Amino acid sequence: MRLLTTTVALRCYLNQRRSENQLIEQERPSEFEVTGRPLTAVGLVPTMGALHKGHLSLIQRARQENATVIVSIFVNPLQFGPNEDFHRYPRTLDQDLQLCEQAGVDIVFAPTPEEMGVDLKNIQESKVTQVNPPSAMISGLCGRYRPGHFQGVATIVTKLFNLVQPDRAYFGQKDGQQLAMIKQLVVDLNFLIEIVACATVRETSGLAISSRNQYLTTTEKQQAAVLYSGLQKAQAAFRAGERNANKLIAAVQQEIAMVSSVSVEYIELVEPNTLMPIETVQEEGMLAIAARLGSTRLIDNTILRDRQAIIAIDGPAGAGKSTVARQVAAKLGLVYLDTGAMYRAVTWLVLHEGIALDDECAIAELASGCVIELAPGQDLQSPVQVWINHHDVTQAIRSIAVTSNVSAIAAQSAVRQALVKQQQRWGKQGGLVAEGRDIGSHVFPDAEVKIFLTASVQERARRRLRDFQKQDQSEISLEQLEKDIAERDWKDSTRKVSPLKKAPDAVEISTDGLSVTEVTEKIVDYYQQRLSQF
């Protein structure tokens, strides 16, 4: 691990890494191994230091998903108001460096305010160029009590994004307003960065872990846990059928009122992405709270989601995902969303149009403008019916040519962005089973049930050979299929965009030696077990 404190040194390091990555991408190992980590991707974890278990969970996630992990440590003066705790905010650089070293961080970037081009003034007094998020997103919740705070956050985050140019950046769900604002910033300013939201890490009492918890006495920490217990009361009311904002907020207020030392700033129910207040939860809402104990300000939130459950099934090619997913959907009365067929359809269209596989611009235009339609097969043995631009490609997308090239097409960011948007729209109401390579980790990270279905390369090759023989395409050998599948595993698991990997909270099931019915029963049993916990 290296500590860098200047933008010049950071740029030098990143330029060197990019040169090395170009060489890596040109080389191909003789044997393909599923690593689950892209060979060249860069992950950024922005922090203000005083690292704790919450930060470490972000770093751990970044380490799993990227070849290079950069942690920034910068106590940003622009996001503190005139009477806030900038000068006494905890600074523990030596300890932070030790934690980063242990967590496998590659670079810690710890610049001074001067190095970041800002002075020791808040955003309202500073002459620095500012990034102003949509006023509707920052005028409520914490923005009402901390004027200028989110402009200060957005300005420094934008600077970090421009300096590092990461593939992914990691933020905690605890700061729900900040998370929504940064997601919008990435969209509005056309950053090619995936924002990864990570679950709030809590102490045993339920108190959300925060750097500011250091200000609390032992007694105050015990009292502060009432914020979480209040949110849990609202969750219980929501699960019992309550959807009215006033009544859900009242449930939190009633619980917090039991601890007189807690002074509430706000309790609000908002739409999680736009942050607009809502009176009734239709699909989902974020119940957010801010309160003070003495001079310490604490925030927390919970997501109230009104939808049927989603089952996300991921795994390598040939693991039996499609067959199993169809049977699980039929057994539970859920919709089967064949995402793999969507990528195959785009691949077929690329080949049909005669577009070169490396012409990403032409493929991007094709993917963004194509119309894909899916319909259930006639029975469980029939494939999902697939049309693209009104062409019935149900059988054509299973050809050797499509199978050999779909991974390269699916790895292109424009293709994935276009299709993921469609998939997420279908998932708004839930009640579906989806399978693919990154369903639980990227497309539906909030899926209630996540399965990672796998099998040995040899078993998957035998299955694929049987499929080809049924289609009278037996000219390919078992040995060649094993090689092709191993290569595809390597490509899928090392691509920058949404690589094949097991979601942290997924259950792994190996299908070697198991029938489709046995695998289906395992997933259905787990689904019913999970639902009983909600």
Side-chain angles (χ1 to χ4, degrees), residues 18 21-35 38-41 67 167 192 194 316-318 321-322 338-372 386-423 436-438 442-443 457 460-461 464 467-468 471 473 475-477 480-501:
R18 290 186 183 103
N21 290 343
Q22 289 177 354
L23 294 175
I24 290 173
E25 290 177 336
Q26 292 169 3
E27 296 176 355
R28 181 174 295 181
S30 57
E31 294 185 2
F32 302 99
E33 178 184 3
V34 178
T35 63
L39 296 179
T40 60
D167 297 283
L192 298 178
E194 177 187 346
K321 300 186 300 295
S322 297
D338 189 349
T339 60
M342 297 173 66
Y343 288 105
R344 285 176 172 272
V346 172
T347 303
W348 176 88
L349 189 59
V350 170
L351 298 174
H352 179 73
E353 297 291 331
I355 298 174
L357 297 178
D358 60 355
D359 190 346
E360 295 196 15
C361 296
I363 293 172
E365 287 209 17
L366 196 72
S368 62
C370 70
V371 177
I372 299 176
V386 186
W387 292 266
I388 186 165
N389 293 351
H390 308 297
H391 293 283
D392 184 346
V393 294
T394 304
Q395 297 301 325
I397 63 174
R398 302 296 168 184
S399 68
I400 292 176
V402 170
T403 298
S404 300
N405 292 295
V406 64
S407 183
I409 300 300
Q412 296 184 21
S413 60
V415 174
R416 301 194 70 78
Q417 287 173 8
L419 298 191
V420 166
K421 284 180 180 178
Q422 291 189 42
Q423 294 159 15
R437 307 293 185 275
D438 61 346
H442 179 65
V443 182
V457 170
R460 287 183 279 147
R464 185 58 55 80
D467 290 342
F468 285 147
Q471 301 172 26
Q473 299 182 31
E475 63 271 13
I476 190 168
S477 68
Q480 183 61 46
L481 282 172
E482 289 181 2
K483 182 179 179 181
D484 290 347
I485 287 172
E487 181 173 356
R488 182 169 176 182
D489 285 352
W490 181 80
K491 287 179 178 178
D492 285 348
S493 65
T494 58
R495 64 191 182 201
K496 278 188 178 183
V497 182
S498 303
L500 164 67
K501 62 177 174 31

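Heavy-atom basis, side chains included; hydrogens, waters and symmetry copies ignored. Quick caveat: nothing in here was measured; it's all calculated off a predicted structure.
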Q. Is there a donor-acceptor pair closer than 3.5 Å between any side-chain N or O of Arg416 and the backbone N or O of Ala410?
A.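 Answer holds: yes.
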(Q) Please check: side-chain N/O of Ser399 versus main-chain N/O of Ala396, any donor-acceptor pairing under 3.5 Å? (A)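 Yes; judged by distance alone, with no hydrogens or angles, the pair exists.
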Contacts under 3.5 angstrom, residues 349-366 side chains, donor-acceptor by atom type, not counting sequence neighbours:
from	atom 1	to	atom 2	distance (Å)
Asp359	OD1	Ala362	N	3.3

[Y] and [X], any side-chain heavy atoms less than 4.5 Å apart:
X      : Y      : value
Thr403 : Arg464 : yes
Met342 : Gln423 : yes
Ile397 : Val406 : no
Ile372 : Leu419 : yes

Can you name the nearest heavy-atom pair linking [X] to [Y], along with the distance?
X      : Y      : result
Val393 : Ala345 : CG2-CB, 4.3 Å
Arg398 : Ala341 : NH2-CB, 4.3 Å
Cys370 : Ala367 : SG-O, 3.3 Å
Pro316 : Asp489 : CB-OD1, 3.5 Å
Gly436 : Lys321 : O-CE, 3.2 Å

Q) Taking only residues two or more places apart in sequence, or in another chain, which ones meet Arg437 in a salt bridge (Lys or Arg N to Asp or Glu O under 4.0 Å)? A)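 Testing Arg437 for salt bridge (Lys or Arg N to Asp or Glu O under 4.0 Å), a comparison that skips the adjacent residues, returns Asp492.
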Q: Salt-bridge test for Glu487 and Lys491: reply yes if a basic N is under 4.0 Å from a carboxylate O, no otherwise.
A: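 So Glu487 pairs with Lys491 through a salt bridge.
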Q. How would you list, by chain and number, every residue that makes a side chain to side chain donor-acceptor pair (under 3.5 Å) with Asp392, sequence neighbours excluded?
A.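 Listed in chain order: Thr394.
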Q.
Restricting to side chain to side chain donor-acceptor pair (under 3.5 Å), what partner residues turn up for Gln480, sequence neighbours left out?
A.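 Per chain and number, Gln480 pairs via side chain to side chain donor-acceptor pair (under 3.5 Å) with Asp484.
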Q) Out of curiosity, Glu194 CD to Asp167 CG, how far, rounded to the nearest 0.5 Å? A)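 It comes to 9.0 Å.
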**Q.** Point-to-point distance, once rounded to the nearest 0.5 Å, from OG of Ser477 to NZ of Lys483
**A.**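 Here the interatomic distance stands at 10.0 Å.
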